[in-house]
Amino acid sequence: MKRAWALLIFAICACPPAGAELATKADSAKGQSIANKICAACHGADGNSAIPTNPKLAGQISEYIQKQLANFKPGPGKEAERKNPIMGGMAASLSADDMRDVAAYFAAQRTKPGTARHQDTLAFGRRIWRGGDASKGLPACAACHGASGAGLPMQYPRLAGQYPEYVEAQLKAFRSGERTNDPNKMMEAIASKMSDPEIRAVADYIFGLR
């Protein structure tokens, strides 16, 4: 049974290592210049956003940033995979090389840590993060994002220290189908099994990970 559950988690989480070749050729200095001109107002010059609804990008895995930027950008004759009018406008002017460079810059920055705000739900959030809920087919968040939330290069994003407001909004967007750019619909499947209290508790727990 344990082996079957582990295989199920792996199947849900598996996704291709997109952008691996580009990451080795990135120019972080050029990325910093782009970040200062385009990204800093919302995400902070070093990727540590001061606005809880805007994600921290500092320390984020570069391949993940590249993928999200590419998903925000509409293609010829087709809509963007991830719809956001602000980010769509920002990404529209970026080339693939620009995305690679700015991703490398932010990945090299240090994330400013956070602290869980709600002690009354801390144990609940920890339980979901570490063990999920087998009774409803909810896998542990740590199975893909790591026990400390550091993520896995080329596969799963870093979550440690991310604002709970942003994490909660994204989980609810996956649950509702508003956000659909996850590989194999894995996050849509996972979030669909989560209640509002579970989402809030795990989002708050994530903020305190480091």
Side-chain angles (χ1 to χ4, degrees), residues 1-18 48-49 52-65 67-68 71 82 107 110-210:
M1 182 65 184
K2 289 183 178 179
R3 174 178 169 77
W5 183 243
L7 289 173
L8 174 61
I9 292 175
F10 179 81
I12 291 174
C13 295
C15 66
N48 281 289
S49 169
T53 52
N54 294 339
K56 296 179 185 178
L57 300 181
Q60 184 55 270
I61 293 168
S62 61
E63 291 85 0
Y64 180 76
I65 297 176
K67 180 184 185 300
Q68 299 312 304
N71 287 172
R82 185 174 176 184
R110 185 181 295 276
T111 310
K112 291 182 180 177
T115 302
R117 301 165 179 167
H118 305 292
Q119 292 299 313
D120 55 326
T121 64
L122 189 61
F124 185 34
R126 182 189 300 115
R127 185 165 68 249
I128 297 167
W129 178 267
R130 294 181 177 177
D133 186 343
S135 69
K136 57 197 293 188
L138 178 63
C141 309
C144 290
H145 297 281
S148 65
L152 184 64
M154 298 183 288
Q155 294 188 49
Y156 317 119
R158 174 188 175 91
L159 295 181
Q162 190 59 265
Y163 286 119
E165 292 88 344
Y166 180 75
V167 173
E168 182 175 349
Q170 295 311 302
L171 285 171
K172 289 182 176 179
F174 279 125
R175 187 178 65 183
S176 70
E178 178 185 351
R179 181 175 173 183
T180 60
N181 72 321
D182 50 325
N184 304 317
K185 299 188 179 298
M186 56 183 176
M187 283 307 306
E188 292 176 68
I190 292 169
S192 70
K193 298 176 172 65
M194 299 183 74
S195 66
D196 283 354
E198 287 172 331
I199 286 175
R200 283 193 295 270
V202 79
D204 189 59
Y205 179 71
I206 284 169
F207 191 42
L209 286 172
R210 60 190 70 192

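Worth knowing before you read on, the calculation uses all heavy atoms, side chains too, and leaves out hydrogens, waters and symmetry mates.
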Undergrad: For residues 52-61, tabulate all N or O donor-acceptor pairs below 3.5 Å that involve a side-chain atom, not counting sequence neighbours.
TA:
from  : atom 1 : to     : atom 2 : distance (Å)
Asn54 : ND2    : Cys42  : O      : 3.2
Lys56 : NZ     : Lys112 : O      : 2.7
Lys56 : NZ     : Gly161 : O      : 2.9
Gln60 : OE1    : Arg158 : N      : 2.7
Gln60 : NE2    : Arg158 : O      : 3.0

Undergrad: How many angstroms lie between atom CD of Gln162 and atom OG of Ser49, to the nearest 0.5 angstrom?
TA: 8.5 Å
Undergrad: Test of understanding: with ring-ring contact (aromatic ring centres under 6.0 Å, His included), list the residues that count as partners of Phe207, not counting sequence neighbours.
TA: Tyr163
Undergrad: What pair of heavy atoms forms the shortest contact from Pro139 to Gly137, and how long is it?
TA: CD-O, 3.3 Å
Undergrad: For Glu165, enumerate each residue passing the salt bridge (charged side-chain N to carboxylate O under 4.0 Å, His left out) test, keeping only those at least two apart in sequence or located in another chain.
TA: Arg117
Undergrad: How long is the span from the CE atom in Met194 to the CZ atom in Arg175, to the nearest 0.5 Å?
TA: 9.0 Å
Undergrad: Filter on salt bridge (Lys or Arg N to Asp or Glu O under 4.0 Å), then keep only pairs touching residues 197-210, sequence neighbours left out; what's left?
TA: Lys136-Glu198
Undergrad: Kindly say whether Arg110 contributes a backbone atom to a donor-acceptor pair with the side chain of Asn48 at under 3.5 angstrom?
TA: yes
Undergrad: Measuring from atom CG of Asn181 to atom CZ of Phe174, what distance do you get when rounded to the nearest 0.5 angstrom?
TA: 5.5 Å
Undergrad: Can you give me the closest heavy-atom contact between Lys193 and Ala189, atom names plus distance?
TA: NZ-O, 3.3 Å
Undergrad: Going by salt bridge (charged side-chain N to carboxylate O under 4.0 Å, His left out), name the residues that satisfy it together with Arg179, two or more places apart in sequence or in a different chain.
TA: none
Undergrad: Would you give the length of the straight line joining atom CD1 of Ile206 to atom NE2 of His145, rounded to the nearest 0.5 angstrom?
TA: 7.5 Å
Undergrad: Quick check for you: to the nearest 0.5 Å, what is the distance between Leu171 atom CG and Ser192 atom OG?
TA: 11.5 Å
Undergrad: Could you give the side-chain donor-acceptor pairs of residues 119-131 under 3.5 Å, partners two or more places apart or in another chain?
TA:
from   : atom 1 : to     : atom 2 : distance (Å)
Thr121 : OG1    : His118 : O      : 3.4
Trp129 : NE1    : Ala147 : O      : 3.1

Undergrad: So, Asp182 side chain and Met187 main chain: donor-acceptor pair closer than 3.5 Å or not?
TA: yes
Undergrad: Strictly below 4.0 Å, N to O, side chains only: are Glu63 and Lys67 in salt-bridge contact?
TA: no
Undergrad: Nearest 0.5 angstrom please: Tyr205 OH to Leu159 CG, how far?
TA: 12.0 Å
